[in-house]
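Side chains included, hydrogens not; waters and symmetry mates left out as well; all remaining heavy atoms used.
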Amino acid sequence: ATMKHLISRLQISDEKSQPQLEEGLGMTGSWIKPLMSELLENFIACKKSSLLLTSKGSILTITIETLHEFAIKQLSYIEKCFPNREESSKNIPPTVTVERLCSYLNSHRYFRDQLKENFESVIEVIENESSQSNETNIDNKLVSKLQDLYNVVMLKHMEVEKRAFDLLLYMMRSEFRDILRQGLFRSPWDDDVRCIIAVQTLYTKYLNDLSLWLPNKSGIYAIRAIRLAVKNIVDSYIELLLTTSIQMNPKVLDRLHEDYSMLSQFFNTNKIDPVDKDTIEESEQLVTQTVIQPTTQSTKNSSFLRFKKSTKQNDKLTNSSNNNSSINTLAEILIGADRLNIVDMSDSEYDKLFKPWADILKLLSMDTNSTFINFVRKDLYIDFGSHTVKVWQCIMKIRGESKQVIEALYEKILKDWNPPTVQPLYMITFQDKIKTYANKSK
C-alpha cells in the first residue's frame, strides 16, 4: 500500500514538475531518485538470509506489480498528449516539452538498466537458497514466475520509451512542417530565404539540445531524432513542391535551386556527433537482453504455490508475459531498422536522401528529349518507384507544359518500358494529393 501510494504521488509530481538536467544522465524526471530508493530498499530486504523465501516472493511480486502500474500511468499520460487532429505543433499540449520527453527516455532507460542489475542479483540469491531447500520444484516455480513478471514490467517500461520517442518525433516533424507550410511558395518566398533560415535555426536548436539532453546510452535516440528530422524536412519540402500550384519562371526556378543548395549543404555540415560503436552495441544489448529468457518449465496459468492466492494484476502480468513475439518487435523499434545508417552518417547517405529532390529540380529545367525520357525511366523511377508517372505528371504541371506535350511524352515514356520492382528512395505518403494534382495535367 505504501509503494502504491508512492507511485501515485510520484506521477502527479512528475506531471507538474520540470525535468532536471543531471550530469551523466541528461534530462531526468523527478520520480527517478525516490522510486529507485524504494526499489533498492525492497531488493536489499530480499537478500537477507533471515527472510523466508515466501516473504521474499511476496515483496518482489508487490514491487514488480507496482512498477508495472507506474509504467502504465506514465504511458497513459504520454498517450493523452498525442493530438487527434491534423498534424501541427499547435495541437500538442503546452506542458509537453522536448525536455520532458527526453526525461522519459533517459529515466526509463536508466531505470530499466538498474532494475535489471538488481533483479538479477536477487534472483541469484533466491536460486542459491532454493538449491539448498527440500522443496526445489516449488522454489523453481517461484523463480520462474518472478522472471515472467519481470519480463512484462521491463517491456512496459520499454513501451513508455518508445511512445515518448514517437511523440518527440511527432513534435519535431510538426514544427518543421509548420514552418515550411507557412513559408514556402507564397509571398515573400520568391524574394528572400527567411523560411529556409527558420528551418536551419530550429534544426540547430534541436541539434544542440538533444546532444546535451540525451547523452551516453540515450544518445542513440538523439541520433535517430536528428537523422529523421532531416529526412522529414526533405520529405515535407518535396510534398509541398509536388502538390502546390507554382507559377514557374526563371526567378522561381532559381529560388528552388537556392533552397536546395542551402539545406543540402547545411545538413551535410551540421550533423550530430555519432555515438561510438561500443555505445551502440551496449544499447542493443540493453534492449535485447533486458528480458530474461523464459525458463524451460512452463508456468502458464500457474500461481505461487506458497501464496494463498494470486491477484488479478498478477494473473494479468503472467498471461501477458507469454507473448514473446512482442519482445523482438519492440527491441527492433527501439534500435531501429536503419541502425547502420544511424552509425554511418556519410556523404553517400545524404546523397541518397537528397537525390529525389535534386532530380525533381533537374526535370523542371531539362529539355524534353530522349535524355529526358531516359532520366524519368531510370533516375526518377529509382526515386519514386510505382509513383513515378504521377510525380512526373506533377512536374510537367509545374513546368506549365501543354496537354499535347504531356500526352506525347507520356506515350514515349511508357512505350516498351517494363521497369523492375524497386524499393524507392522516397516513399509517397500523400497519394490522394499527388493523384489530384497530377490529374489536373491531363
Side-chain angles (χ1 to χ4, degrees), residues 176-204 229-271 346-384 387-388 390-402 405-406 409 424-428 430 433-434 437-438 441:
F176 285 116
R177 284 179 68 87
D178 284 349
I179 292 175
L180 293 173
R181 282 173 174 171
Q182 295 166 13
L184 287 181
F185 314 135
R186 64 180 66 185
S187 181
W189 168 80
D190 52 351
D191 291 319
D192 64 41
V193 294
R194 68 181 65 179
C195 175
I196 302 304
I197 292 176
V199 170
Q200 293 175 339
T201 302
L202 181 59
Y203 173 88
T204 301
V230 176
K231 183 179 185 302
N232 288 327
I233 291 167
V234 173
D235 288 355
S236 295
Y237 194 106
I238 291 175
E239 176 183 347
L240 291 169
L241 177 58
L242 292 177
T243 59
T244 303
S245 297
I246 303 174
Q247 297 298 319
M248 185 56 60
N249 57 55
K251 182 179 180 181
V252 169
L253 187 59
D254 287 343
R255 280 291 298 111
L256 289 173
H257 280 281
E258 187 176 15
D259 284 355
Y260 173 83
S261 178
M262 286 181 66
L263 284 180
S264 60
Q265 292 177 18
F266 174 79
F267 289 138
N268 212 13
T269 56
N270 291 272
K271 302 174 184 176
S346 62
D347 291 342
S348 62
E349 292 296 331
Y350 273 86
D351 289 342
K352 290 180 183 178
L353 184 62
F354 282 90
K355 182 181 181 301
W357 187 0
D359 288 345
I360 290 174
L361 297 183
K362 290 176 183 177
L363 285 175
L364 284 174
S365 55
M366 188 182 294
D367 290 336
T368 56
N369 51 26
S370 59
T371 302
F372 180 94
I373 295 172
N374 290 333
F375 191 87
V376 172
R377 288 180 168 186
K378 182 180 178 181
D379 288 270
L380 202 67
Y381 184 70
I382 291 174
D383 299 333
F384 298 101
H387 292 97
T388 296
K390 291 298 182 185
V391 171
W392 169 78
Q393 289 175 330
C394 289
I395 294 171
M396 298 303 286
K397 177 68 176 178
I398 296 172
R399 286 171 58 117
E401 300 289 356
S402 67
V405 170
I406 294 175
L409 286 173
L425 298 178
Y426 185 98
M427 300 299 294
I428 295 289
F430 45 97
K433 287 184 181 180
I434 197 171
Y437 191 75
S441 64

How long is the gap from OH on Y203 to CD1 on I196, to the nearest 0.5 Å? 14.5 Å

Please examine the side chains of V391 and I428, heavy atoms only from C-beta on, and report whether any two atoms are closer than 4.5 Å. yes

Hey, what do you get for OH (Y381) to OG1 (T388), rounding to the nearest 0.5 Å? 6.5 Å

Which atoms form the tightest heavy-atom contact between L380 and V376, and what is the distance? CB-O, 3.4 Å

Kindly compute the distance separating CG (L202) from CD1 (I233), expressed to the nearest 0.5 Å. 7.5 Å

For P356, all residues meeting side chain to side chain contact (heavy atoms under 4.5 Å, CB included), sequence neighbours excluded: I238, D383, F384, L425, Y426

Establish, from distance only, whether the side-chain atoms of T269 and Q265 form a donor-acceptor pair under 3.5 Å. no

side-chain hydrogen bond (donor to acceptor under 3.5 Å, both in side chains) pairs, two or more places apart, involving residues 233-242: R177-S236, R177-E239, K231-D235, Y237-D259, E239-K433

Qualifying residue for side-chain contact (heavy atoms from CB on, under 4.5 Å) with F185, from T244, L180, V252: T244

Using every non-hydrogen atom in the two residues, find where L241 and I398 come nearest and quote the distance to one decimal. O-CD1, 3.2 Å

Side chains of residues 360-371: which donor-acceptor pairs under 3.5 Å do they make with residues two or more places apart or in other chains?
{"residue": "N369", "atom": "OD1", "partner": "T371", "partner atom": "N", "Å": "3.0"}
{"residue": "N369", "atom": "OD1", "partner": "F372", "partner atom": "N", "Å": "3.2"}

Atom pair CG/CD of D190 and E258 - distance to nearest 0.5 Å: 11.5 Å

Roughly how far apart are R255 CZ and L184 CG, rounded to 0.5 Å? 8.5 Å

Angle class for the F354/W357 ring planes (parallel below 30°, perpendicular above 60°, tilted otherwise)? parallel

Do K390 and L242 have side chains that approach each other closer than 4.5 Å (heavy atoms only, starting at C-beta)? no

Just to verify, what does R377 make a side-chain hydrogen bond (donor to acceptor under 3.5 Å, both in side chains) with, not counting sequence neighbours? none

Spacing of CZ belonging to R186 relative to CZ belonging to R181, to within rounding of 0.5 Å: 10.5 Å

Can you name the closest pair of heavy atoms from E401 and V405 and give their distance? OE1-CG1, 3.7 Å

Across all chains, not counting sequence neighbours, the side chain to side chain contact (heavy atoms under 4.5 Å, CB included) partners of D254 are none

Check: S264 main-chain N/O paired with N268 side-chain donor or acceptor under 3.5 Å: no

Can you list the residues that meet the side-chain hydrogen bond (donor to acceptor under 3.5 Å, both in side chains) rule with R194, with sequence neighbours excluded? D192

Any side-chain heavy atom of K271 within less than 4.5 Å of one from V230? no

Could you report the tightest heavy-atom contact between W392 and L409, atom names first, then the distance? CZ2-CB, 3.6 Å

